[in-house]
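Below you'll find the structure, written out as structure tokens, and then a few comments.
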Amino acid sequence: MQVYNFEGALTREQEDEFYMKEALKLAEQAFKEDEIPIGAVIVAQNRIIGKGYNLTERLNDVTAHAEMQAFTAAANFLGGKYLKDCTLYVTVEPCVMCAGASYWTQLSRIVYGTIDEKRGYSTVAANILHPKTIIIGGVLEGECARLMKSFFVSKR
């Protein structure tokens, strides 16, 4: 895995945008594979340690969300189930299932692009996240929202 050295070079906001762009690349891959275009990366110490995109259609598995793929990859990389001191970057606000899983992983931060007005955790169960998890929303929101809208317009 590649390590990115941002010390002194980027602000926290610029760093968040950098990793959200990595998640967007994965969302675009999902789009190409006719999956709902959501991508996720997990970062620890300036290193992407897990990544994923929706695979629900390919795997015929409703739990194969981008975040779940990234959690598994990150836990395998670290050799343990807890993702303390890690940040999840995901293009769309996590659903209740993924937010609940993030609770158990004990993520330090969740950074998401656009809200999910119908199925996002904040609409359904706002208190489902770990109390120490910091939430940042709206990072590259326009790009993330456009990709989702394009996908669903193509389905109509």
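Just so we're clear, the structure is a prediction, and the values are computed from it rather than from any experiment. All residue numbers in this chain count up from 1 along the given sequence.
- Within the structure, ring-ring contact (aromatic ring centres under 6.0 Å, His included) contacts touching residues 89-119 (residues at least two apart or in different chains) are Y19-Y89, Y103-H130.
- Judged as a side-chain hydrogen bond (donor to acceptor under 3.5 Å, both in side chains), not a single pair has a partner in residues 132-141 (not counting sequence neighbours).
- Put simply, the side chain of C144 reaches to within 4.5 Å of the side chain of M20, judged on heavy atoms.
- Distance check, rounded to the nearest 0.5 Å: OG1 of T105 to NZ of K81 gives 11.5 Å.
- A heavy-atom distance below 4.5 Å is found between the side chains of L24 and L147.
- Cluster annotation: F152 is connected to V92 through the hydrophobic network of ILVMFWY side chains, with a link wherever side-chain heavy atoms come within less than 4.5 Å.
- Residues passing the side-chain contact (heavy atoms from CB on, under 4.5 Å) test with L78, sequence neighbours excluded: I49, L83, C86.
- The side-chain contact (heavy atoms from CB on, under 4.5 Å) test applied to T63 returns D61, M97, not counting sequence neighbours.
- Hydrophobic clustering (ILVMFWY, side-chain heavy atoms < 4.5 Å, transitive): I135 and V90 are in one cluster.
- When side chains are defined from C-beta on, S102 counts as touching F71, because their heavy atoms get closer than 4.5 Å.
- The shortest side-chain heavy-atom distance between I134 and S108 does not fall under the 4.5 Å cut-off.
- When side chains are defined from C-beta on, I38 does not count as touching H65, because their heavy atoms never get closer than 4.5 Å.
- With contacts defined as side-chain heavy-atom distances shorter than 4.5 Å, the pair T87/V111 qualifies.
- The minimum heavy-atom distance between C98 and M68, with the atom names listed, is SG-CG, 3.9 Å.
- With sequence neighbours left out, the side chain to side chain donor-acceptor pair (under 3.5 Å) criterion links N76 to no other residue.
- Taking OG1 from T91 and CE from M148, the interatomic distance works out to 7.0 Å, rounded to the nearest 0.5 Å.
- Proximity of a side-chain donor or acceptor of N54 to a complementary backbone N or O of A66 within less than 3.5 Å is detected.
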Next item on the list: Starting from the C-alpha separation in whole Å, work towards a yes-or-no answer on side chain to side chain contact (heavy atoms under 4.5 Å, CB included) for F77 and R47.
Entry: CA-CA 11 Å; F77 180 86; R47 175 183 282 188; 3.6 Å; yes
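- For A73, there are no side-chain contact (heavy atoms from CB on, under 4.5 Å) partners, not counting sequence neighbours.
- With sequence neighbours left out, the side chain to side chain donor-acceptor pair (under 3.5 Å) criterion links T72 to no other residue.
- In plain terms, the two heavy atoms of E67 and C95 that are nearest each other are OE2-N, 4.5 Å.
- For D116, the side chain to side chain donor-acceptor pair (under 3.5 Å) criterion is met by no residue, not counting sequence neighbours.
- For Q106, the side chain to side chain donor-acceptor pair (under 3.5 Å) criterion is met by K84, not counting sequence neighbours.
- Closest non-hydrogen pair, T56 versus E35, comes out as N-OE1, 3.2 Å.
- A heavy-atom distance below 4.5 Å is not found between the side chains of E57 and I36.
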Side-chain polar contacts of residues 25-32 - donor-acceptor pairs under 3.5 angstrom, sequence neighbours left out - could you list them?
| unit_1 | atom_1 | unit_2 | atom_2 | d |
| --- | --- | --- | --- | --- |
| K25 | NZ | E22 | OE2 | 3.0 |
| Q29 | NE2 | E33 | OE2 | 2.6 |

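- No side-chain heavy atom of I42 sits less than 4.5 Å from a side-chain heavy atom of K51.
- Applying the salt bridge (charged side-chain N to carboxylate O under 4.0 Å, His left out) test to pairs two or more places apart or on separate chains, those with a residue in residues 91-114 are D16-R109.
- In this structure, R12 CZ and Q14 CD are separated by 12.5 Å, a value rounded to the nearest 0.5 Å.
- In this structure E117 satisfies the side-chain contact (heavy atoms from CB on, under 4.5 Å) test together with I115, sequence neighbours excluded.
- Taking all atoms of both residues into account, the shortest heavy-atom contact from A64 to L59 is CB-CD1, 4.0 Å.
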